[in-house]
Enquirer: 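Pasting in a structure now, in structure tokens, and then I'll have a few things to ask.
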Amino acid sequence: MEEENSLIEQRRANLAALREKGIEPFANKFTPDETCAGARVKYEEGREFSLAGRMTAFRTMGKSIFLDIRDGSDRMQVYAQKNALGDEAFEVLKKLDLGDFIGVKGTMFTTRTEEITLKMAEFTVVGKALRPLPAKWHGLSNIETRYRQRYLDLIANDDVKQVFYKRSTIIREIRDFMHERGFIEVETPTMQAIPGGAAAQPFVTRHNALGCEFYLRIALELYLKRLLVGGMDRVFEIGRNYRNEGISPRHNPEFTMLEAYQAFGDYETMMELLESMITRVAEKVVGTLVIEHRDAEGNVTRTIDLTGPWRRVKYKDLIREKGGADWFDVTQDERRKRAIDLGAEIGPDYMDYEVTNGLFEKLIEPTLIQPTFVTHLPKELIPLAKLTPDDPTTIEVFECCINGQEIAPAYTEQNDPVAQREALQNQAGEEQQKLDEDFLVALEHGMPPAGGIGIGIDRLIMMLLGQESIRDVLLFPQLKPKTTAAE
RNA sequence: GGGUUGGUAGCUCAAUGGUAGAGCAGCGGCCUUUUAAGCCGUUGGCUGUGGGUUCGAGUCCCACCCGACCCA
């Protein structure tokens, strides 16, 4: 991709000019004494140290120059004077381009306008920029460029960078929380011969040496349960799942999921786990349990109150609330008619439970803004959970909805290998799923009763940070590749 | 897959079918405490791609590419 313009040509010429003077503007190493933020905190008039970063502003004033340096921590103003640097160095400095990385050594002082500034004694060019950066004032707003060239987005938009810094903190806090609870972190295969643990279209890949196809995993579940069989009583994994389905503001083909399994727990154990985890993370990272989402103008569009205890409500009760108290007593045809009348999208080949679930997903879930544990789903929806003893048409599960989205499903895990085989076989009939015999053999060796949970990390972060699109919490959201010049 | 909508200078945006412009930055001057520095001057365009209509297309029509939002 040899695209050229005058700005790039000029920078290449500046690079050549530096080399002609014997200056190599791509350093192997430059170790600054301080970060911008660190230096600011340790301010002391006349203190000498070095900084390194990208030059993001350049204000020449004849025989002196003010420039800004930015590193990962902050920004720092640097002041250069011709008679302090010497004529030759001063000329080189004047020829640098915005965006160049430089190292600067100097002493601290405060300007007339009371800005902490480094007075330059010497400088080194450590990484020249051959392309111009987005304008400092207008920033970068073209959404496609922001996603395709996220590095420019990070340079131009500090609030974007803050989102990803916070994402990192959220995940670290979650990890800490799990470790405190005695869970150990594991890694299981992302390439699986049989993609199980969820109903979703997988991506296919091929292993040449083994001469067979593999699928990218759609869930972590079945391997983590094998570990329960193996005596690892509390395990979790934070990992990528891949689903070969549509892309939307809520769906990316690869997304991050935390799954955790606790032997001798059940779905209620997982409720406590989730509520404690999320409230603690919110307090630590956002600093409040009352999360406000705002529109572009800054008006609050939604307020989510994470203060516990969170609402618990049975799936059937929510359905009756929306679809009529007699919803489960009328005929299947009547249910179908009501669902359509209410505005749910019901396919002609939907089974009865799918009609009801269409009502849930389309008309109920989006209204669950405040944290809600929806419990006791119909057994047809999830084959991997145990039946509810006093209502065997349902299972001991919850789906935790917040912000109108499902954030975390959890089950009392099925540990009866015979019942598990039956449930999977019934489901395998309608989906294209193959039976994971190896998993069933593991169960036959005995699995402790357990609670398990899956947490959609990206959606959780959207909720906590007030982001409306999953693309804004993923550094590199999936986009269609731009057609390259070569075929 | 369908609907709506967008793609113009490095960035942010203008331009009744009639010479493609501005601000920023870039380039050249002046300026030793500025900070969206200032003042003077100035370069920069295959208007996403390919066709068509027209005396004339950024603008109208068709197809395609890449986004965004909504729907399936």
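Excluded from the calculations below are hydrogen atoms, water molecules and symmetry mates; all remaining heavy atoms, backbone and side chain alike, are included. Just so it is clear: chains get the letters A, B, ... in the order the sequence lines come, proteins before strands, and each one is counted from 1. All of these numbers come straight from a predicted model, not from anything done at the bench.
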Enquirer: Toss me the dot-bracket line for RNA chain B: Watson-Crick and G-U wobble, both under 3.5 Å, 5' to 3', using | for pairs to another strand and [ ] for crossers.
Expert: (((((((..((((....[..)))).(((((.......))))).....(((((..]....)))))))))))).
Enquirer: Applying salt bridge (Lys or Arg N to Asp or Glu O under 4.0 Å), can you list everything that pairs with A:D317, at least two apart in sequence or on another chain?
Expert: A:R320
Enquirer: Determine whether a donor-acceptor pair (one donor, one acceptor, N or O, separation below 3.5 Å) exists between the side chain of A:S6 and the base of B:U43.
Expert: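 Answer is no: no donor-acceptor pair is held.
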Enquirer: Would you say B:G10 has OP1 or OP2 under 4.0 Å from some side-chain N or O of A:R131?
Expert: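 For B:G10, OP1/OP2 do not have a side-chain N/O of A:R131 under 4.0 Å.
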Enquirer: Establish, with yes or no, whether the OP1 or OP2 oxygen of B:C66 is under 4.0 angstrom from a side-chain nitrogen or oxygen of A:K480.
Expert: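 Answer is yes, contact under 4.0 Å.
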Enquirer: Look at the side-chain N and O atoms of A:R471 and state whether any lies under 4.0 Å from the OP1 or OP2 oxygen of B:A68.
Expert: yes
Enquirer: Whether A:S141 contacts B:U12 is assessed here as follows: a side-chain N or O lying under 4.0 Å from the phosphate OP1 or OP2. Is that the case?
Expert: yes
Enquirer: Does A:N83 contact B:U32 through a side-chain donor or acceptor facing the base, at a distance under 3.5 Å?
Expert: yes
Enquirer: Nearest-Å distance, CZ (A:F66) to P (B:A36)?
Expert: 13 Å
Enquirer: Please report the distance, rounded to the nearest Å, between CD1 in A:I8 and P in B:A9.
Expert: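 These atoms are roughly 14 Å apart.
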Enquirer: Could you tell me whether the side chain of A:Q77 has a donor or acceptor atom within less than 3.5 Å of a complementary atom in the base of B:U34?
Expert: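 Result: at least one qualifying N/O pair found.
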Enquirer: Rounded to the nearest Å, what distance is computed from the CE atom of residue A:M55 to the C1' atom of nucleotide B:G26?
Expert: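 Spelled out: CE on A:M55 to C1' on B:G26 is 13 Å.
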Enquirer: According to side chain to side chain donor-acceptor pair (under 3.5 Å), who are the partners of A:Y242, at least two apart in sequence or on a separate chain?
Expert: none
Enquirer: Report yes if at least one side-chain N or O of A:R112 is closer than 4.0 Å to OP1 or OP2 of B:U34; otherwise report no.
Expert: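 Yes, because at least one side-chain N or O of A:R112 sits under 4.0 Å from OP1 or OP2 of B:U34.
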